[in-house]
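Here the structure comes first, spelled out in structure tokens, and everything after it is commentary.
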Number of protein chains: 2
Amino acid sequence: MDKILDIDNIDLKIISLLNEDAKTPYTEIAKKVFVSSGTVHVRMKKLEDMGIVKSATLNIDFSKLGYDISAFLGIYLEKSSLYDNVIEKLKEIPEVVSGYYTTGNYSIFAKIICRDTNHLRLVLDSIQKVEGIDRTETLIVLEESINRPIQFFDKEK
Amino acid sequence: MDKILDIDNIDLKIISLLNEDAKTPYTEIAKKVFVSSGTVHVRMKKLEDMGIVKSATLNIDFSKLGYDISAFLGIYLEKSSLYDNVIEKLKEIPEVVSGYYTTGNYSIFAKIICRDTNHLRLVLDSIQKVEGIDRTETLIVLEESINRPIQFFDKEK
DNA sequence: TATTTATTTAGATTTAATCCAAATAGAGTT
DNA sequence: AACTCTATTTGGATTAAATCTAAATAAATA
């Protein structure tokens, strides 16, 4: 029996509502989902125990904090077997916020967040220096037009 | 005077701690930052009013919810002036979770989340059909090795 | 239908959020 | 340095929510 079957629409509605604003009181969620607040607790406990809901994070406008530049990096490795080693090195660079193993040309696809162009240059330098990295392609983000959670209850295919 | 100067280390520490777990009580944050909980409230209110902290969202393991495939899309437009129109169309596709205007080859860089390969195919189809889109390159995410918030207090450059 | 098991619910209790007036600290002025 | 004005922080009082538990309900099984 698949784990997915343990999740019903009540769970999904709770997740959807809390995903819009994780600080919404369970009492309020309860009203919208037409169950008691105790049930919301029990369901969230279950979802956390199952590892489906891992944590809650803030949605921060980094540009207002002086972090004005974000960029995606397509990273080419000398040998693809170096993936794990390079990921470990990238983890040591605080400006790296994500790193993926993807299909396509790149061996690693990563995202970095920097204060300004000079900071970006320094970070790119330190990434270029990582052993095993051949070269990188930089996609600088000029505008973030869409950034939202999955919508479970919209017109999905 | 720059807005950034209104933000001090207390603000950054509060943001950092809440970014790890947005549900941490302000009383607990207060202890760690060595101020009163009232101050944490005042600071968070300020950060929210300034638009620096926009909301809190859940960190969800989508694969455990049956959304097993995520992919980055490099989208080529027929004319780059079509950007705004295409973004609006992409917003209507619920599986599209982000969309960026970036430097580099692609006109739009997007991310989608799908249940399985068949769902992915359907979503790619509907994206291909969007007027103004020439062609797309798909980078399927096989592994997410890094996914974390910015670290303000680590060894930054 | 009876019995077991799981889920939901409604209080009771604990804990945190919110509000506010007083205290403190800081900036600017003479 | 003393004074004034302003902004920030604080602690306590109030309101609201989280958490816990035992009872009620519902669902599953025999």
Side-chain angles (χ1 to χ4, degrees), chain A residues 1-67 149 152-153, chain B residues 1-67 149 152-153:
Chain A
M1 203 65 94
D2 202 325
K3 283 232 167 166
I4 294 158
L5 297 183
D6 293 342
I7 304 303
D8 62 12
N9 265 356
I10 293 176
D11 294 312
L12 289 182
K13 276 179 195 158
I14 292 170
I15 290 176
S16 288
L17 290 167
L18 284 173
N19 211 17
E20 280 170 34
D21 180 5
K23 300 214 82 177
T24 314
Y26 288 0
T27 48
E28 203 176 307
I29 302 292
K31 277 182 213 156
K32 290 181 181 170
V33 183
F34 302 107
V35 293
S36 73
S37 70
T39 300
V40 178
H41 268 274
V42 171
R43 296 301 188 102
M44 280 301 289
K45 177 100 182 24
K46 178 188 74 176
L47 290 166
E48 284 162 9
D49 289 347
M50 288 173 79
I52 290 172
V53 172
K54 287 181 284 188
S55 64
T57 54
L58 298 181
N59 192 208
I60 294 165
D61 186 334
F62 290 108
S63 69
K64 289 192 174 143
L65 279 177
Y67 286 78
F152 293 111
F153 296 106
Chain B
M1 202 66 92
D2 202 326
K3 284 231 166 167
I4 295 159
L5 297 183
D6 293 342
I7 305 300
D8 62 12
N9 264 356
I10 292 175
D11 294 311
L12 290 182
K13 276 179 196 159
I14 292 171
I15 290 176
S16 288
L17 289 167
L18 284 174
N19 211 17
E20 280 170 35
D21 180 4
K23 300 214 83 179
T24 314
Y26 287 1
T27 48
E28 202 177 307
I29 302 292
K31 276 181 213 156
K32 290 182 180 168
V33 184
F34 302 106
V35 293
S36 73
S37 70
T39 300
V40 178
H41 268 274
V42 171
R43 296 301 188 102
M44 280 302 288
K45 178 97 181 24
K46 178 188 77 176
L47 291 165
E48 283 163 10
D49 289 346
M50 289 174 80
I52 291 172
V53 173
K54 287 181 284 188
S55 63
T57 54
L58 298 181
N59 192 207
I60 294 164
D61 186 334
F62 290 108
S63 69
K64 288 192 176 145
L65 279 177
Y67 286 78
F152 293 112
F153 295 106

### 5'-most by nearest nucleotide on DNA chain C - V42(B) or F34(A)
F34(A)
Give me the atom names and distance for the closest heavy-atom approach of [X] to [Y].
{"X": "S16(A)", "Y": "F152(A)", "answer": "OG-CD1, 3.3 Å"}
{"X": "K23(B)", "Y": "A56(A)", "answer": "CG-CB, 4.0 Å"}
{"X": "D6(B)", "Y": "K46(B)", "answer": "O-NZ, 3.1 Å"}

Does some side-chain heavy atom of [Y] sit less than 4.5 Å from a side-chain heavy atom of [X]?
{"X": "L47(B)", "Y": "I60(A)", "value": "no"}
{"X": "L17(A)", "Y": "V33(A)", "value": "yes"}
{"X": "R43(B)", "Y": "V35(B)", "value": "no"}
{"X": "I52(B)", "Y": "I15(B)", "value": "yes"}

### Task
Determine, for nucleotides 18-24 of chain D in 5'-to-3' order, which nucleotides have protein heavy atoms under 4.0 Å from the base (write B), from only the sugar-phosphate (write S), or from neither (write -).
SB-----
### Message
Expressed as a whole number of angstroms, how long is the span from D8(A):CG to dA27(D):P?
### Response
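That distance rounds to 12 Å.
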### Query
Under 4.0 Å between a side-chain N/O of S36(B) and OP1 or OP2 of dG11(D), yes or no?
no
### Query
For R43(B) and dT9(D), is the shortest distance between a side-chain N/O and OP1 or OP2 below 4.0 Å?
yes
### Query
On DNA chain C, which is the earliest and which the latest nucleotide, 5' to 3', with an atom closer than 4.0 Å to a heavy atom of chain B?
dA16(C) to dT18(C)
### Query
Going from CD1 on I14(B) to CD1 on I7(B), what distance comes out if it is rounded to the nearest 0.5 angstrom?
10.0 Å
